[in-house]
Structures are given as structure tokens and as C-alpha cells.
Amino acid sequence: MALGDLMASRFSQSSSSSVLVSNHLSEFPSRDDGSAVEQRRDSEAASSSGSNVAGATTSMAYLPQTVVLCELRHEGFEGSVPTGPSESGLVSKWRPKDRMRTGCVALVLCLNISVDPPDVIKISPCARMECWIDPFTMPAPKALETIGKALLAQYERWQPRARYKHQLDPTVEEVKKLCLGCRKNAKSERVLFHYNGHGVPKPTANGEIWVFNKSYTQYIPLPVSDLDSWLRTPSIYVFDCSAAGMIVKAFIERQDWSSSSSAGSSIKDCILLAACGAHETLPQSAEFPADVFTSCLTTPIKMALKWFCGRSLLRDTIDQFLIDRIPGRQNDRKTLLGELNWIFTAVTDTIAWNVLPHDLFQRLFRQDLLVASLFRNFLLAERIMRSANCSPISYPVLPSTHQHHMWDAWDMAAEICLSQLSSLIEEPNAEFQPSPFFTEQLTAFEVWLDHGSEHKKPPEQLPIVLQVLLSQCHRFRALVLLGRFLDMGPWAVDLALSVGIFPYVLKLLQTSATELRQILVFIWAKILALDKSCQVDLVKDAGHIYFIRFLDSIDAFPEHRAMAAFVLAVIVDGHRRGQEACMNADLVHVCLKHIQLANPHDSQSEPLLLQWLCLCLGKLWEDFPEAQVIGLHADAPSIFTSLLSEPQPEVRASAVFAMGTLLDGGSDSFRDVGGDEDSDDDEKKVKAEINIVKSLLAVVSDGSPIVRAEVAVALARFAFGHNKQLKSVAASFWKPHTNSLLSSLPSLANISSTVSGYGNANPYMQPASASQIGPVLRVGSDSTAVGRDGRVSTSSPLANSGIMHGSPLSDDSSQLSDSGILLNDNANNGVINHSRSRSLDSGMYYKCVLAMCSLAKDPSPRIASLGRRILSMIGIEQVVTRTLRFGNGTVRHGDAAISTPSPNLAGLARSSSWFDMNAGHLPLTFRTPPVSPPRQSYLTGMRRVCSLEFRPHILNSPDSGLADPLLGSGDGSSISERSLLPQSTIYNWSCGHFSRPLLNSADDSEEISARREEREKYALDRIAKCQHSSAGKVNNEIASWDTKFEMGTKAVVLQPFSPIVIAADETERIRIYNYEESSLLNSFDNHNFPDKGISRLCLVNELDDSLLLVASCDGNIRLWKDYTLKSKQRLVTAFSSIQSHRSSVRSMNTVVDWQQQSGYLYASADIPSIMLWDLDKEQLINSIASTSDSSVSALSASQVHGGQLAAGFVDGSVRLFDIRTPEMLVSTTHPHRQRVERVVGIGFQPGLDPAKIVSASQAGDVQFLDIRRNNEAYLTIDAHRGSLTALAIHRHAPILATGSAKQLIKVFSLEGDQLGSIRYRSSFIGQKIGPVSCLAFHPYQFLLAAGAADTYVTIYADDNSQPR
């Protein structure tokens, strides 16, 4: 199957599976969609295998298939910052560091034909051929000249562009002149020195070769050290003579001596090839030529075939002289000679790739074409000469390869080709039949792909795949297999690049073959996901045009076009030439056109294309004003705005990124440089930025952290470019009203008594206790805000209570007071001293400031850190001075700084906000700051102490280590201010998608499915027992756990498949306990914000790897993974579930419930609506009007009917909602009429009946409702008298439990019968249980967990259970 088909089938499978899993309603409100979902579920239940219809129904209704928050975006968002494609590390090794060329070749032949050297005794018959020429068939001088020309021609075949010079039977002076001339001509290129010493004595032990005197009467020694000094490096030597190993030994000794001396070693780029060992003689057998080593190096195919023919079964049928007549050319693969050369190259490359270390392979086989050819042929020389008891030697030393099994493949291919030789010579027009070698090797590679992995031996056929790319007949299959290999991971991409695949796939971009387009795009996506540096090569070869055309082709699959968009995004990422080339190729309009054409409902794979179209555009015009202008003229912001409501968070985040990079960010191109000739264009630019920010403010409270993070980064760019306006708007929030500064700033009053060396000199500031230290707000001004005597000037904004009363921010005072905000308008300490004046709507700037404050309080630590950095850019500093928490008797952060003044504060007050940005959760570690001149303003000095003492970054974040934009010394000239802006992560994170396998499902999917199947089986078995067993008393205490919560337990939940109970207290400390082993598994804080309050604990995806959902009273939702592992818990996502509320309400008393069946989270508080969140989309999809003047006090979502929920209100009323109906409200009842008090608990009765509800009020009555019966309660239980605090209804068993503040738990059946009561604790005789604060049933067992105000959590079971 082709790769495209594989990819298409893979994506379609994933899409269909996601449809089954999501089970979401696509539009709201829509009765048709909802009923379709219900009908599908009911029909599936009815059609399930049939003898047990009830069992099938139970399976479908009680075991929801929805799984949420398990996408890759939820892996490590808080913990790490993705890096994206790199230009260093792993990727730097495959690319040859220095491409080199052999520019000059020196050939020295010392043959002295007809005169044998004195130390050689020749046999008869003896090897006589030199360069395939018999020197004794012609006069000696002519033979010498002919052999010299033949050798030169043989070398030219491998490097035709080099300069060749030769010396025949030379003297020392002639060799010296030759060497110096070659080095001069070659300059810094490599020089090849070939020495044939068949007519002179063997080299000496001192490393000397022999040449002649002028009269040819003496042999003259030539030390190799002289050769080395003449040729220098880089160089390569070929020594074809007996005892050639002597020369190699001398070179190595010279290297050792040079490396030990002060002089640099000249051997470092010197390569040696020697025909035999130091004590070996060249073979003299007549079956070999005399220069068998040279013949292997320069005419390998001829030498290999002649040697093979003498040893194969063909020796009797093929005349060896026919080998000299093999038809074809070496560079024409459609001919016999070309095919043999092609196969030989593939075999020798493969042997070297599998035997050599990769760095040595790169140096010898990829750096220099001539060196690579010689070393391929050297492998043949080793094979042939070892058969004659000779061992060729090289430096660097190569491992032995003469017995590698790939030689067998070569022998077979050679035999198949030679079997056609006779017929091809006799019939010149006969058709040549190619060898099956490459087809068989591709099949072997395919087998490896089916069974191989990163942890197994790499596929040895990889170099052969590279060779096959040169052939049209094998190219498509080879590319598909290569794509499959690259899909296995970055390690596979690195291997392929190391073997040399890059120039081949780069050249293939010049092809117009349509069948190769999608696989080439896939391969390039894999390459660029690993190595960003390839962008330079692509732009240089105009490769970007190929991908723009593919992106613009409607007939391609959307996911393939997304890959093309990714490739283009990498091409333009931080690469100005790439940006210019793509801009000139009209990439802006191509991307915008396809964003408008894309319809997310047509294809499940479309979101990936939308995502990468946005990211590509964002990278194209990032810091590139010319492209930004094109985008603004094309109305890009309005096009992106339509994507901000897309259901996929990745698409929304990418759209925000693209809009954010359109913002000026203070780039020089748009700064005022004194002239106003471009003021009109400037104003248009600024207005466009305002429109962009308006759109971004709409998603500042998006449910996905990756979206909000991009909004924060975009607002930081906006704050950088509009710094002065934002500072002035922030300062204007505090208008002069009254002189009540001191009452509004108790924290400043306290600080004045302890810092800056002033003591308690100010009579207007009264000291306060440490416990009164609250949020510190600071407004700095260029004018003197406070006099020398400490009196507050009435002209200063500080002197007025508008800080807390009557200012615009007072409507959002909780954001100010909770965060603790200092406002600094000191221009010398700001980021921008040179921004242009931009007169725009101050209301928009005001909204921006509020949005920045909201981000600074974001439940995601990383986003909160970004928000704090943005606030500091506009002069607002968050100062957390409040005592965060006391737990287990230990002091929490912020206490030491308040209670123990530092003796060095007077000196610190004169410095510029020096503090340790990496403080994390620890007290600040002060550095010694540079001392600046004393300030005249007392308040400014005090402000410095505030920032030093109370500005630890209490939330760990990857950004916390970055420099604060306000840490400049004042002029900002010594640092690049824009480099301090927070950086976007959506692009780098999205790049990781293409680094992961795209064609094959994860290996652990089967394990996950098996575990879920096991859990479903267990759950169904337990559900059946719960439904058919008679209700027990559930008053048998089996476990009791002292949580050590100082304020008692406020929420509790039982894990369904492990003996684990999870509890939380009012300060949002969460503890996980194994009640079978009586061991504490983990304990952690939900967050570190000052305001605490727990609302609800829920388990999400309980049939799979469950997540712990923790809802805070302020509406913030956090979901934790690995929460049972000690100190290993990870925050998966976090968001604020309550929107459009008045932030001035301190405690919002949020109530939430989770519905696994639909994937919805319902939340409400002191607001007239119920917020409906889709956790799969991480999006607020609806707001349900509560139709009541009072607020919701209890929520319960049906766990068997998606979209149904019941709500209890403070006025005692109960409402049933069904979001699948247009009006949503199904019924309203007032069951608690006798004593109208708030509904404490509400829930659906067990079973599939959607109309039966149980409601309990604080007055103590429990009402059983059936909305089909005139909205009247059909059963009432007076469970407690005015003190009911908790209600729990078993999900499947017909029992419920109520808890009272009067230390009493009662258990009832659904018929109203009291099954039991719990007053005392069995572990302590006679001790009553504490006031009950929370109750929770186990979903599949008769277990009840009870939390109380006395720090104990107790587990109760029915009478059949034993205490643990």
C-alpha cells in the first residue's frame, strides 16, 4: 500500500474512532443532534449480542466511552517548554562539517621496466600487467608512457575536474617539484599522491620510498617526512608496493611525535592507503595484474568480475576477455556496465555504513567524492588481496570487511548480469534485463520495517534505499519505505540523514511527477521536524516553490497539505531570506485563501491544516514588516477572528499566534523617527492592532491553557509597543477623591515602621500587625509623590482612595486585591522610553489592563507567570505579601519577610528592583545590587523595598528564569529589550506532532484497551451486584484516617478500582490515602494563591487513567494526572469555569459537576446562569439561564443520560435541565416548602429513569421527586432537624446517605426506610464522629466515605465487610 493510502487510512481510522469516543453534540441547542446521539446509543444497546438485553443496556448506559484531556497538548504544558526543530545537537552530526574536493592528483610511477629490483625474486609465470597493459609488448619507454596515461585516465573517471600531473621514473627533485606544484594549485583542497613502486626496492624501516638518480644508476631514498612537508594537508596517499605497511607505520610514528611536540600535527587530515602489510609482498600470481591494488582502486568492476569469474561456475562458459567488452557506460544505469557499477556502489556503501562508526563513515564516504570512491574500491581490494594472503592497510584503520555477507549479494548480482553478457555482445539490440538485486533489497528493508524498532539493529539496507532513489523504476517504492522508516522517530531521521539521503530528496523536488508529491512532502516534514537548518538549502534551491504549489492544490489530502504548510513554516522560521522568498511567491494570499475555503465539518483532518496555515503565516510575518503589511491589506485579522471559536484548541491557539505576530511589538520599522510623512500608514497600523487586541480579549478566558498562553504572549507584544499608553491608562485608574490613602494601604503603613531606616517617623502612617499585611498597591509618578517628611502630597494619585473606591478597577477589585498589585509609572524603570505617542481609545487600553490582571491570576502557573511579566512591563508589579497558608505547623511563604525586617533594607532601597527571579517557592535570595544615588522620594525608596521584600515568583514556571523587563538600569541601551518579551510556544509544540509516528498507532494501545476491557468487566459485575443486592446498613467502619487537616475535610471521593480515598480541606490541601494499607500516598497543594476554598472533587476518565478534577470556590478548575504518585502529580489543564461575574464578590461559592457521558462540566455560582464547558474542546459552549433570582447551591449531572442535569437553589427550588432541548429548562419545583432553606445536595436516583431526583435542603428534609407527577414530591424524609450538611446517592445501588452538623450520618433506602445511622467511631469507644462535612459513595461497591470537621475521614461498608 502506498504511503498516501496508509496515511489516508490511518487518519480516517483515527477520525472514526474519535467520533465514537467523543459522543458530543455538535450544535447547541439542537433537539435533532441530541436525539440522534440518544437514538444511536439506544440502538447500539438494543442490537448488542442478544441473550441479555439488560446487560447490553447496562453496558452502554453505565460505562461511558468518552475520554477527554488525553491529547498530546496535555502532556507537560506546565513542566517544560518545547524546543521545536533544532540547529544543533543530534542534527549537527549528520551534515558534513567541511565539504572537501580533491583538487590535484600527483601520479608517481617507479616501474623501471625490464629491470627487476634487487630485493624481489619473481616467479614464472609472473604477474606483468600494469593498468591492464603488458609492458613487455612494446618498447620500455613507450610502455612507461602508455601506462602513465592509462593510470591518469583511470583516475579521471572518478574525479574528472581535478588537475592531474604525473612523473615517470622520477628523481627526488622531480618529485619535490611535482608535490610543491600540486599543493600550490590545490590551495586548501586535498591532494592525492599515488606511488607505484613496482620497479624499486621495498620501503625502508625508516619510512623511505625509492626513486632514481638522473642516470638511473642508483636508487635514491625519499623520506615520507619530506613528502609530508611538501604536500602538507589535506592529502591522501596511495602506496602500491611491497611492504607498503612500512610507510604507514612511519606516518603514524610521525603523527605521535608531532602530537607530543609543540607543533600541530600535520597528520590530522592525512589519509593513507597501502597495498599490503609491512612484511608482505605483493601477489605475483599470473591470475592477477601486477598492480592489483591499483586496479581495485581505479577499475573495480573489471577487477571484481575477472576475480569472480575465476571462482564461479561461469568460468567455463564465459571468456574472461568478454569482460573487457561489457556494453554500456558506468554512469548509465540502464546498461549492463552501469547496472553493475550501481550495484557495486550500493554494496560497498552498505558494508561501510554497517561496519564503520558513523563519524568515520561521514569523513571517508561523504566528505570527498574521490576519497569516497577510493575507499569503496579499497573494500574490494581487501577482499581480493586477502585471497592472495595480502592485507591492504589504511589510515584511518578500517575494520575487516572481506567476509561481510553483502559480498554474497554482489556475487549473485554479478553472476546474473554476466549470464547475459554473451547474448548482449552477440545481439547489440537485445534488451538488457535488470538485476533483481534492488527489488530484493527493498523487500528486505520492508521486512525490517515490519519488525524493527529503535532498540534493534538498524536496517543495513538504508544505503541501498538511497541508491534506489536514483532509479525511476524503484523510486516510488523506495520513497514510501523511506517515509515509513522516517516515521519511526527522530533517531530514524538522523540515521537517514547520516547515510546521505539529504541531497537526493532535495534534488527530487525538481521533479514534476505528481505521484511523488505527497510522499516527498511527508519525507520533508519528517526531516524538518528534526533539523531546522535545512531551510537554507531549500531556499537556495527554490524548494519552497514546490511546497507552495502543493499547498495550493485542492486535490491533495488536507493532512498532506498541512505537512506542506509545516515545511513552509520551518523555512520562514527566523530566516529572513526564507521569509522574503515565500512572501514573493505569494504565500500570504495562498494561506489566507485556504483558511477561508476550509470547512472543518467536511473532514476530520481539516483542523491540522487550519492550524498550520495559521502557524505558517505567523512565522512568515513574524518581525517582518513587509509581510505584515500584506497581511493587513488582505484583512487577515478578520479571517483569523473567525477561527477563535473553532472547537480545536490547537486551531484557536494558532490563530491567536498569527494575530499576535501581526502586532508591532515595538519593531523599529514602525517607530517614530522624527518624520510624519508615513503617519497615515502608521495610524492604520495602530488601528489594525487595536482590532486585533479586541479579538484577542474575547478569548482571554478560553478554557485551554495553550490558547490563553498565546493570548498572554500577544498582549505582551502589544504592551511593548503601546507601553506609554498602557502605563498612563493604568495610572489614571487612581483619581483624586479623598485623603484616605492610609486606610486603603495598611501594608504600606506597616512597612514604614520597619524599612528604609526611617523607623516610625511618619505620624500619618500607623503601624499594623503582621497579620494585617495585605496587598500592596503602588503608584509611582515622575513628580514627587511623598515629601521628605513622609507626608502624602494631595496632588499625587496615591493620596486618594480612588485606589480602592470609585476607580474603574474597583469593579474588578478582587483581581487587584487578590493579586496584590503595585503600579509604577516611572519611565526610567520601564521598558519603553522611546515609543511613539498613540492616541487611541483609552477604554480599549483599560480592557487590556483588566485582561492582563486576569492573566496574572490565571489558575495555570505558567500563564500566571506570563501575566505578571506583562503587568511589570506596564509598571504594575504584583506583590504577594499575604500569609499564604499555615500547614502542619509550618510557616508558609511570605511570613519571614514580613515579621523579620532585613538590616540591609536601607541600602537595597536605593537599588533597582534586584531580586532573584528563580526564587520559586523559597524566600528571596538577595544579590548585592549596584548602589545608585539616594532617591529624593521616600515612597519610591519604600517601593523598592516592597519589590525586594515581597516579589518572589511564588508559582514555578519555565518562564520564571527569564529576565524581568523592568530590571534594566534605566537607559536600556545595553540590552535588547525585545529579547525579554515572553516567547510563544504553540509553534514549537505543534512541530512535535511531526516528530512522532503518524502512520502507526501507538504500541501501548493494545495494553490500554486490555486494561479498559478488564475494568469494564469488573464494573459491570459490581453494578449487577449493586442493583440486585438488598440494601445494607453501610455502617460498618472498615477504615479511619486522620488527615491532619487543620480546618477539617471539605471534599472526599473514592477511586473505583483501587482502595484509595482522596480528600481535600478548605485550604485546598489534597491528600491521597490507601485505606487497605493505611498509608498516605501523596499530599500536595492545589495552588498557591492566597484565596482558598474547595468546592468539589471529581474523577475524570475513571475507566481509564483517571484525572483528579479539583474545583475551587472561586470557579477555578484544575485537573491533575498521576496524583497518587508521591510528588509526581502533574497539572493537566486549568481554567476559570465562571465567566462574566462581578469580581468584587470575594467568595463565589462555585458549584460544579462532571458528566463523563457527554464530556461536559457544569458550573455555577452567584450568577444567573449555569456555564456549560466541553472539556474535549476545552471551550465554553453554552450558558444556561437558571431562570431564578437566587443562585445555584447544588448541581448534579446525570451519569447515564448525557445532557441532563438537576440544580438546587438557595431559595429551596429545584430545576431539571436538558441541554438537548431548545428551551433547556424541563421543569421547576419547590419541594422544600415547609422550611425554605438552601438545597444542600441533589442527585438523580440510580437506574436509567431520567425523571427521578432526590433533593435535600439545609433544613433537614429529603424530597424524592418524579417530574412526571405534577412536580410534587412523592416521598419526604425528615432526615435531620435543621442541620443537614451533606447528601450522597449511590450511583447504582438503591441507597442514599445524609450527614448532619450534629455529628450524625443516616442511611436510607429509596423507599424512605432508614437502614442505619452512624454516631460513634468504632476505633475510639464512645467517641462521637465529627460534624459531617462531606459524603461520597464508591461507584461500584457498598462503601461510604465520610469527611468531618475533626480531621478524620472514615470509610463505612455494609455488614459483610471486615475492618481493615
Side-chain angles (χ1 to χ4, degrees), residues 69 73-74 76-79 81 649 652-653 656 660 696-716 718-719 775 812 814-821 847-874 876-880 884 921 953-960 962 982-986 1068 1085-1093 1109-1120 1130-1141 1143 1148 1150 1161 1163 1171 1173 1175 1178-1180:
L69 301 176
R73 65 178 180 268
H74 303 114
F77 172 80
E78 299 292 342
V81 177
R652 303 198 298 271
V656 172
L696 296 181
L697 293 180
V699 288
V700 75
S701 298
D702 192 275
S704 175
I706 64 170
V707 179
R708 301 198 304 277
E710 294 307 311
V711 173
V713 171
L715 288 180
F718 183 74
D812 200 65
S814 76
Q815 290 186 341
L816 290 173
S817 59
D818 292 352
S819 305
I821 292 178
K847 292 179 181 178
C848 285
V849 173
L850 291 184
M852 294 168 185
C853 294
S854 174
L855 290 170
K857 288 183 58 186
D858 196 275
S860 165
R862 183 160 151 196
I863 297 172
S865 175
L866 291 173
R868 290 195 301 274
R869 291 177 62 194
I870 301 172
L871 289 179
S872 68
M873 291 171 62
I874 62 171
I876 300 179
E877 293 182 28
Q878 283 211 328
V879 181
V880 180
L884 298 186
H921 292 294
H953 280 250
I954 62 166
L955 298 176
N956 275 334
S957 165
D959 301 308
S960 63
L962 297 177
Q983 299 299 309
S984 167
T985 57
I986 181 63
E1068 300 193 55
D1085 290 313
N1086 189 35
H1087 62 82
N1088 285 327
F1089 283 118
D1091 288 333
K1092 303 290 182 177
L1109 186 151
V1110 184
S1112 302
C1113 287
D1114 59 2
N1116 287 337
I1117 305 295
R1118 294 172 177 86
L1119 287 103
W1120 296 89
R1130 289 191 291 119
L1131 187 62
V1132 172
T1133 189
F1135 63 97
S1136 176
S1137 64
I1138 303 300
Q1139 307 288 332
S1140 304
H1141 62 273
S1143 299
M1148 299 190 325
T1150 303
L1161 178 79
M1171 317 304 285
W1173 291 86
L1175 288 199
E1178 299 186 62
Q1179 197 174 30
L1180 178 67

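Numbers for residues simply follow the sequence, beginning at 1. We use all heavy atoms of the structure for the numbers below, so side chains are in, but hydrogens, waters and symmetry mates are not. Predicted model only: the values in this text are computed from it and were never measured.
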message = In the structure I gave you, are the side-chain heavy atoms of Ser1112 and Arg1118 within less than 4.5 Å of one another anywhere?
response = yes
inquiry  = Tell me if a side-chain donor or acceptor on Glu710 pairs with a main-chain N or O of Thr985 at a distance below 3.5 Å.
reply    = yes
request  = Check Ala864 against Phe1089 and note the closest heavy-atom contact, atom names and distance.
outcome  = CB-CZ, 4.3 Å
request  = Would you name the heavy atoms of Leu1119 and Leu69 that are closest together and state the gap between them?
outcome  = CD2-CD1, 3.5 Å
ask   = Quick check: does any side chain N or O of Lys1092 sit under 3.5 Å from a backbone N or O of His1087, one acting as donor and the other as acceptor?
value = yes
query = Shortest non-hydrogen contact from Ser1137 to Ile1117?
reply = CB-CG1, 3.7 Å
query = Looking only at heavy atoms, what is the nearest atom pair of Gly703 and Thr1133, with distance?
reply = O-OG1, 4.1 Å
query = To the nearest 0.5 Å, what is the distance between CG (Leu850) and CG (Leu697)?
reply = 9.5 Å
inquiry  = Any carboxylate oxygen within less than 4.0 angstrom of a Lys/Arg side-chain nitrogen, looking at Glu1178 and Arg73?
reply    = yes
query = Which distance, rounded to the nearest 0.5 Å, do you find between the CD1 of Ile874 and the SG of Cys848?
reply = 8.5 Å
ask   = Side chains of Asp702 and Val711: closer than 4.5 Å at any heavy-atom pair?
value = no
task = Can you measure from CZ (Arg869) to CG (Leu855) and round to the nearest 0.5 angstrom?
result = 13.0 Å
query = What is the distance from atom OG of Ser865 to atom CD1 of Ile870, rounded to the nearest 0.5 Å?
reply = 10.0 Å
query = Is there side-chain contact between Ile986 and Val656, with at least one heavy-atom pair below 4.5 Å?
reply = no
task = State, yes or no, whether a side-chain contact exists between Ser1136 and Asn1116 at a heavy-atom distance under 4.5 Å.
result = yes
inquiry  = Looking at every heavy atom in both Cys1113 and Thr1150, which two are closest together, and how far apart are they?
reply    = O-OG1, 2.8 Å
note = What one should report as the nearest heavy-atom pair of Leu866 and Ala709 is CD1-O, 4.0 Å
ask   = CZ of Arg708 to CD1 of Ile863: how many Å apart, nearest 0.5 Å?
value = 4.0 Å
message = Just so I know, are the side chains of Leu1131 and Trp1120 near enough to count as touching, which here means a heavy-atom distance under 4.5 Å?
response = yes
query = With a 4.5 Å heavy-atom cut-off, do Met873 and Met852 have their side chains touching?
reply = no
inquiry  = Would you say that Leu1175 contacts Phe1135 through its side chain, given a criterion of any heavy-atom pair below 4.5 Å between the two side chains?
reply    = yes
